[in-house]
Each structure stands twice: as structure tokens, then as C-alpha cells.
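To find a chain, count down the sequence lines: A is the first, B the second, and so on, and within it residues start at 1.
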Amino acid sequence: MEHNLAVYNTLKRGKEIFVPLNEPFVGMYVCGPTVYGDPHLGHARPAIAFDLVFRYLKHLGYKVRYVRNITDVGHLEADRDEGEDKIAKKARLDQLEPMEVVQYYSDRYYHFMELLNVERPSIEPRASGHIMEQIEMIRKILGTGFAYVVNGSVYFDIEKYNGSYPYGKLSGRKLEDLMANTRDLEGQEEKRNPFDFALWKKALPEHIMRWPSPWSDGFPGWHLECSAMGTRYLGEQFDIHGGGMDLLFPHHECEIAQSQVANGKEAVRYWLHNNMVTINGQKMGKSLGNAVSLEEFFTGNHPLLEQAYSPMTIRFFILQAHYRSTLDFSNEALQAAEKGLKRLMAGMETLKSLQSAASSQIQGSRFKVQGSVNNPASDIRHPVSDIQHPGSRIQHLADSCYAAMNDDFNSPVVIANLFEGVRIIHAVKEGKEHLTEEELNHLNRLFDTFVTEIMGLQDESSGDQSKRIDGLMELIIGMRKEARERKDWGASDRIREALEDLGIILKDSREGTSWEKAD
RNA sequence: GGUCUCGUGGCCGAGUGGCUAGGCAGCGGUCUGCAAAACCGCGUACAGCGGUUCGACUCCGCUCGAGACCUCCA
């Protein structure tokens, strides 16, 4: 594969050239949602970040198998000491079957991800559907002596593991430090050490979700599903494992330990972690009570929101920051993203119209090219070579976009380059610069590739406008045009104002009048 | 308390040992019956204090500030 894609590997604390195990195949596993609540902005971040990775790897020609799990069992309730299953607790509160809750929230998750134009992964396995694999993995781990059974529960022996392998190498923690400051939590009596983690938990009587196992009726430990399902679908070793930074410790650390022991080898080659969305500088999280759900963003129905924000605005907002940086939420930032996106999409629209008119215009404008070379004003801003070959700027833009993506998926720099492209588009439209048909095609391909294919941005403005409305608007605008030609400003303004009351804004320009919804 | 990350112009957000993204807002202009929209132009900012260097916003140290993880969390 001809590229030099560098990815930031958390394990190495630095960027490395990406080389898959079995080219052209790439295996990627990403930690998905726990489906016991409505998806919020925090869920959108990794989904979009790894969607970008997925799309770009495919663009480079890789055959990617992308696995993202749905966690529907096994996570413990934080404020409970009985080890009650999160899903079960929610089910009790709502008087529903656990699987009903799971079904509801996973449907919601899929729906909102689709609105965000996040591509469906290749496989979306559920923990509850892979109990057998998890039991099998526990058996293997027990066989190596790195786990022990107490009262029907199975725990991973961290201290023993640390004797053979470096526990904490991903998160940069040392066992001694962990020993020095572990908290006393209830329900830990069974463990030899507080930092040991459960592979299997015996169910208490009130637990609704339970499965038989050699050790007890119970449920799998909360780190196991990723190791088991990753192994099942991607093999004992695979290329990329992704997830939020908050999962780094202990979740991913435990995954490393489990897989190492069970399979006798290190499972993951590149660990990628996205950073958090913050709100007033603080992490947005369900447990912090400051999470704004995606539905609330799309409807604007939340005290913190000044308006609704469309799915593409959210997507663009997220892509405008690098995935490893925190991203601070605010109305101001979101509104900026909304306008920026609009400008980008409008530029793309203009580009298409330029292209259709290209062959006729380019011929006639050849002479003007000479003129602009001699224009001293433009010499100030551009190197002479660029003026003689405006198309070379397009090539440079394309190179810059690829360079940005190859530098650990730097979407904000890609976007900056695309805005440079928008400037060129306007200049060509105004007749200040000229491109050959070939160059115009090149620019068009560049936008299609990066905006649509890789960044997954769609034009929302015209998507839901039916042909009938378009026809009506054409009619109304035509009538207003006639009024204006008669200099009947009263009629003209009345039409404009009436439409404005209906939430439709007219935009007059030299080329004619266009319209859009006010929102 | 321990481990780690970060501190960039009004806001969001890239990046780099010298060539100093981008978006939004603001200001100026073009266009226009008016308005809006659109387009063009304009901002030398990198927490503070030291040090290394010919030169640091970028490297090192300290101080201040913010955050993440250590417990379920994307």
C-alpha cells in the first residue's frame, strides 16, 4: 500500500507508521456504547473519530473489518455496592425486560449515528450474544493460573500477572503506585487484591440477567467482552483498537492482560484513543449529569442550547478539532461550526456549477490569463509560478489534504485546506482566476473525496426540499422578479416579508434570486 | 494524594526551533431600489518567570491555572 500514514499509538506514546499485519486487510475494534441511556454528544465523538479512520483506511485501499461492540450486560452500577448490573437496574426502574431496554437504546443509538452519517461497522456484536466465548476465555485464563475462583466468582490475579508481564504499560501506571492508593470499596472482600478485576461474577438473587457457567449462575466481568469478541472476529492479534481516553485505565489495561494470558500474545498493535468533549471545561458525562443528548441537540430542546443544531453541524464541529484534543462545547462554537459548514457546502455547490459551465467559459477566458500575470497587485500575494499555473495550487491542496490525513487523521487541517479551495472557487467564479477543465475536474474530485467520502459531510440544506416546493418557489420568485422589473417595490417587499414570516429567506444576487430556510 | 495531559488573538481550534493554519465574531469595502445574503480585504496571539540557542510560541526548569484517569462512563 503506497502511503505513509502515521498514527498516534498510545502504547508507544508517539506516532508510528501504520503497517497492518496482513495487508491489504485491517482489523479494527472500537469500544461501543453501553445501551442503558440515550446517546449524547460524548458518544458521537468516538463514533465520528473512528468513522473517519474507517473511511480513510478504506480510501487508501485497505479491506477493513471494523468491529464495534454493543455492551448490553455486565457493567456494575457505581453507586451500588451489590454489584448490580446496570442494565438490570434500569430495567427494574422502568419495569421493563432488560432486553427491552437494550433493544430500545441500541435502536436509538443506531438511529442517531445514522443521522450523523456514521457508517455502520462491519460487525456490531453484543456481549449478551457472546457469553460462550467469554466463558471459554475465562477457562483458558484459569488454565494458566492467572485467575482464581472465589464463591462462584472468578478474578484476574494482577499481582501474579505483573510478575510475568508489565501491567500498566498502556496507561503508564505502576503496580506499586496502584497498591499505594487504592480506595476501599465495598464488595471487594473476595479479591486477593483490590485492583484484581472480575472475569465472572456470581449473580445475586435480585439479578435478572444471568447465565449458567462452570462457576456459578452469573454474568461476565466488565472488561472481558471486548477481549472475547475482538479475538472472535479479528483473531488473536489485530491492528487497531480504539476507544475513549476514559477507557484507557482500567478497561483497556485489563483487556491487554486478559488477551495476553488467554492467547499467549499481545492482541493489539495500535491503540488509538479519542479525547473527551468538555462543557465549561469539564468532561461531559452521563454520570456527571451534564451530558446533552443528541436528540436534544437536533431539536434544540435543552436549557443549555440557544438553538437546534443539525447532525452535520455536530459532525463538522467534531471534525474541526483533532480527535486527540479535548473539544469544548458552547453555543458560540457550535454556531461558528454551523456557518463554516454552510460556507464549505455552498462553495462545493458553486464548484459544481462552475464545472458544468467549464468548457464554454474556459476557452473565452484564456486571454485574460495573460492579463492577470501582468497585474502587479496579484504579484504581491502569490508566487509567480502559481499565477502562471493556477492548477498547481490544486495539486498542492490535494497534497496538503493527504499529508494532513496521514498525520494521524488531522481533519482540522484538511478542513483548513478545503476552505483555501473555497477561496479559489470564488476567485474562479468572479473571473479573477482561471482553471482548465482538467484542473476544475481535479478540484471537484478533491472536494468529493475529502468532504463527502472521507469526512462524510452531506449537504442538508436541499435534502428535504420536495420538487413541489422548489416549483412553488420558482413561481413566487418569478412573480417577484416581474414586480421588481416594474419597480413595484411594494409588491416585491411584500412577497419577501411574507416568505420571511414563513421562515424562508430570499437572497438576491447578480445571477438571480435564491432561497433558503431560515431555521 | 498518585499518574498523566493541557494552557494559542473576542470565541472555537491547528501547528512549528527562524518562513507565523482555518472557521466564527468584529471592522473596512464591493454588489444592491432598500434589506439580507454573498464575495474581497484587515488582526502578529501563543499563561508567568528563568534557562538553552545566533534565534523559542515551539526545547528544559520552576510558578500559576485548568482538566483527565486512579470507580461505571465515549
Side-chain angles (χ1 to χ4, degrees), chain A residues 13 30-34 36-37 39-50 71 74-80 86 168 171-174 176-183 185 195 222 242-251 253 273-278 281-288 291 316-317 320-322 324-341 343-344 346 350 381 400 404 407 410-420 422-423 426-427 429-430 432 484 487-489 492-493 496-497 500 505-511 513-516:
Chain A
R13 312 238 149 208
V30 174
C31 291
T34 303
Y36 70 106
H40 58 81
L41 191 59
H43 291 102
R45 187 103 199 247
I48 289 171
F50 292 105
T71 296
H75 280 247
L76 295 172
E77 192 69 43
D79 53 346
R80 296 284 305 175
K86 259 187 186 174
S171 56
R173 271 156 227 264
K174 293 192 164 52
E176 307 86 76
D177 297 338
L178 290 171
M179 289 171 121
N181 47 242
T182 34
R183 297 190 204 173
L185 292 173
F195 37 77
W222 47 104
M245 274 184 189
D246 50 349
L247 299 178
L248 222 150
F249 188 90
H251 183 57
E253 207 69 72
H273 290 96
N274 63 277
N275 214 139
M276 304 290 105
V277 176
T278 59
Q282 238 208 346
K283 173 181 163 181
M284 182 184 280
K286 188 171 171 60
S287 52
L288 296 166
F316 187 70
F317 174 65
Q320 247 186 330
H322 185 86
R324 279 191 296 110
S325 301
T326 55
L327 172 60
D328 199 50
F329 152 86
S330 69
N331 281 285
E332 209 176 352
L334 245 10
Q335 281 157 14
E338 182 178 55
K339 288 184 182 164
L341 174 65
R343 188 162 124 84
L344 183 66
T350 306
R381 295 208 57 79
S400 301
D407 184 15
N410 198 328
S411 53
V413 170
V414 171
I415 291 171
N417 280 302
L418 291 171
F419 276 112
E420 210 51 55
V422 170
R423 195 154 285 149
H426 291 313
K429 189 192 175 195
E430 304 277 310
K432 290 177 187 160
R484 295 178 77 202
K487 296 201 189 299
D488 182 356
W489 308 128
S492 162
D493 289 352
R496 187 174 63 198
E497 282 154 20
E500 208 173 318
I505 295 180
L506 294 183
K507 299 192 292 186
D508 294 328
S509 75
R510 196 180 314 184
E511 291 79 29
T513 302
S514 60
W515 65 279
E516 67 181 33

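- Nucleotides B/rC62 and B/rG55, compared at atom P, are 23 Å apart to the nearest Å.
- Qualifying ring-ring contact (aromatic ring centres under 6.0 Å, His included) partners for A/F249, counting only residues two or more places apart in sequence or in other chains: none.
- The CG atom of A/L418 sits 16 Å away from the P atom of B/rA14 (whole-angstrom rounding).
- When rounded to the nearest whole Å, the span between NZ of A/K174 and C1' of B/rC70 equals 15 Å.
- Rounded to whole Å, the distance from NE2 on A/H322 to P on B/rC6 is 12 Å.
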Fill in: Pairing annotation in dot-bracket form, given for RNA chain B with Watson-Crick or G-U pairs under 3.5 Å and | for cross-strand partners
((((((((.[[[)....(...]]].(((((.......)))))....[[[[[..)....]]]]])))))))....
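- When the salt bridge (charged side-chain N to carboxylate O under 4.0 Å, His left out) test is applied to A/K174, no partner is found at least two apart in sequence or on another chain.
- Using a distance-only test at 3.5 Å, with no hydrogens or angles considered, a donor-acceptor pair links the side chain of A/T350 to the main chain of A/A346.
- The shortest heavy-atom contact between A/D328 and A/F317 is O-CZ, 3.6 Å.
- Every residue two or more places apart in sequence or in another chain that forms a side-chain contact (heavy atoms from CB on, under 4.5 Å) with A/D246 is listed here: A/M276, A/K283.
- Shown here for A/F329 and A/V277, the closest heavy-atom pair between the two residues is CB-CG1, 4.4 Å.
- When the nucleotides B/rA35, B/rC73, B/rG15 are ranked by their closest atom to the side chain of A/T34, B/rC73 comes out on top.
- Checking B/rA35, B/rC72, B/rA36 against every side-chain atom of A/Y36, the shortest atom distance belongs to B/rC72.
- Using atom P as the reference point in both B/rC60 and B/rG22, the two lie 28 Å apart (nearest Å).
- Contacts of A/R343 classified as salt bridge (charged side-chain N to carboxylate O under 4.0 Å, His left out), with partners at least two apart in sequence or in another chain: none.
- In this view, A/P33 and A/V35, A/H43, A/I70, A/Y109 satisfy the side-chain contact (heavy atoms from CB on, under 4.5 Å) rule, not counting sequence neighbours.
- Residues A/N275 and A/S325 come closest through the heavy atom pair CB-O, 3.2 Å.
- Taking atom CG of A/D407 as the reference point, atom P of B/rG15 lies 7 Å away to the nearest angstrom.
- Contacts with RNA chain B (heavy atom under 4.0 Å) in residues 39-46 of chain A: A/H40, A/G42, A/H43, A/P46, listed by number.
- In terms of phosphate contacts, A/H426 brings a side-chain nitrogen or oxygen within less than 4.0 Å of OP1 or OP2 of B/rC39.
- Residues A/R496 and A/T513 form no side-chain contact, since every pair of their non-hydrogen atoms from C-beta on lies 4.5 Å or further apart.
- No N or O donor and acceptor, one from the side chain of A/R496 and one from the base of B/rA36, sit under 3.5 Å apart.
- Counting any heavy atom pair closer than 4.0 Å across all strands shown, A/L327 reaches sugar-phosphate atoms only and no base atom.
- Closest of all the heavy-atom pairs between A/H40 and A/A291 is CG-CB, 3.7 Å.
- Checked against side-chain hydrogen bond (donor to acceptor under 3.5 Å, both in side chains), A/S171 has the following partners two or more places apart in sequence or in another chain: A/R173, A/E253.
- Between A/R13 and A/P250, the residue anchored nearer the 5' end of RNA chain B, judged by the nucleotide with its closest heavy atom, is A/R13.
- At the phosphate of B/rA14, OP1 or OP2 sits under 4.0 Å from a side-chain N or O atom of A/S325.
- Applying the side-chain contact (heavy atoms from CB on, under 4.5 Å) test to A/Q335 and every residue at least two apart in sequence or in another chain returns A/E306, A/Q307, A/Y309, A/N331.
- Here A/A321 pairs with A/R45, A/L327 under the side-chain contact (heavy atoms from CB on, under 4.5 Å) rule; sequence neighbours left out.
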Dump the pairs, protein N or O against N or O of nucleotides 21-29 of chain B, anything under 3.5 Å, distances to one decimal.
{"from": "B/rG23", "atom 1": "OP1", "to": "A/R343", "atom 2": "NH2", "distance (Å)": "3.2"}
{"from": "B/rG23", "atom 1": "OP1", "to": "A/R423", "atom 2": "NH2", "distance (Å)": "3.2"}
{"from": "B/rA25", "atom 1": "OP1", "to": "A/K339", "atom 2": "NZ", "distance (Å)": "3.2"}

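- Using P as the reference atom, B/rC27 and B/rC54 are 47 Å apart when rounded to the nearest Å.
- When the P atom of B/rG2 is taken as reference, atom CZ of A/F195 falls 19 Å away, rounded to whole Å.
- Rounded to whole Å, the C1' atom of B/rU71 lies 40 Å from the corresponding atom of B/rA45.
- Annotation: B/rU44 and B/rU5 have their C1' atoms spaced 28 Å apart (nearest Å).
- Among all heavy-atom pairs drawn from A/L341 and A/F316, the shortest one is N-CE2, 3.6 Å.
- Distance A/L248 CG to B/rU71 C1': 16 Å, rounded to the nearest Å.
- The residue among A/V277 and A/S171 whose nearest nucleotide of RNA chain B is located toward the 5' end is A/S171.
- Counting to the nearest Å, the P atom of B/rG33 and the CG atom of A/L506 are 16 Å from each other.
- Side-chain atoms of A/N274 come within 3.5 Å of backbone atoms of A/G244 as a donor-acceptor pair (strictly under, hydrogens ignored).
- Regarding A/L247, its CG atom lies at a distance of 14 Å from the P atom of B/rU71, rounded to whole Å.
- Using a 4.0 Å heavy-atom criterion, one finds that A/V30 contacts no nucleic acid atom at all.
- Going from the P atom of B/rG23 to that of B/rC31 covers 24 Å, rounded to whole Å.
- Remark: the separation of the P atoms in B/rA37 and B/rC24 is 13 Å, to the nearest Å.
- Of the listed nucleotides (B/rA37, B/rG33, B/rC73), B/rG33 has the atom at the smallest distance from the side chain of A/R484.
- Here, B/rC11 and B/rG2 have their P atoms 33 Å apart, quoted to the whole Å.
- Using a 4.0 Å heavy-atom cutoff across all strands shown, A/D328 reaches sugar-phosphate atoms only and no base atom.
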Where do N or O atoms of nucleotides 64-68 of chain B meet protein N or O atoms at under 3.5 Å, pair by pair?
{"from": "B/rA68", "atom 1": "OP1", "to": "A/K283", "atom 2": "N", "distance (Å)": "3.4"}

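- Not a single donor-acceptor pair, N or O on each side, falls under 3.5 Å between the base of B/rA35 and the side chain of A/D493.
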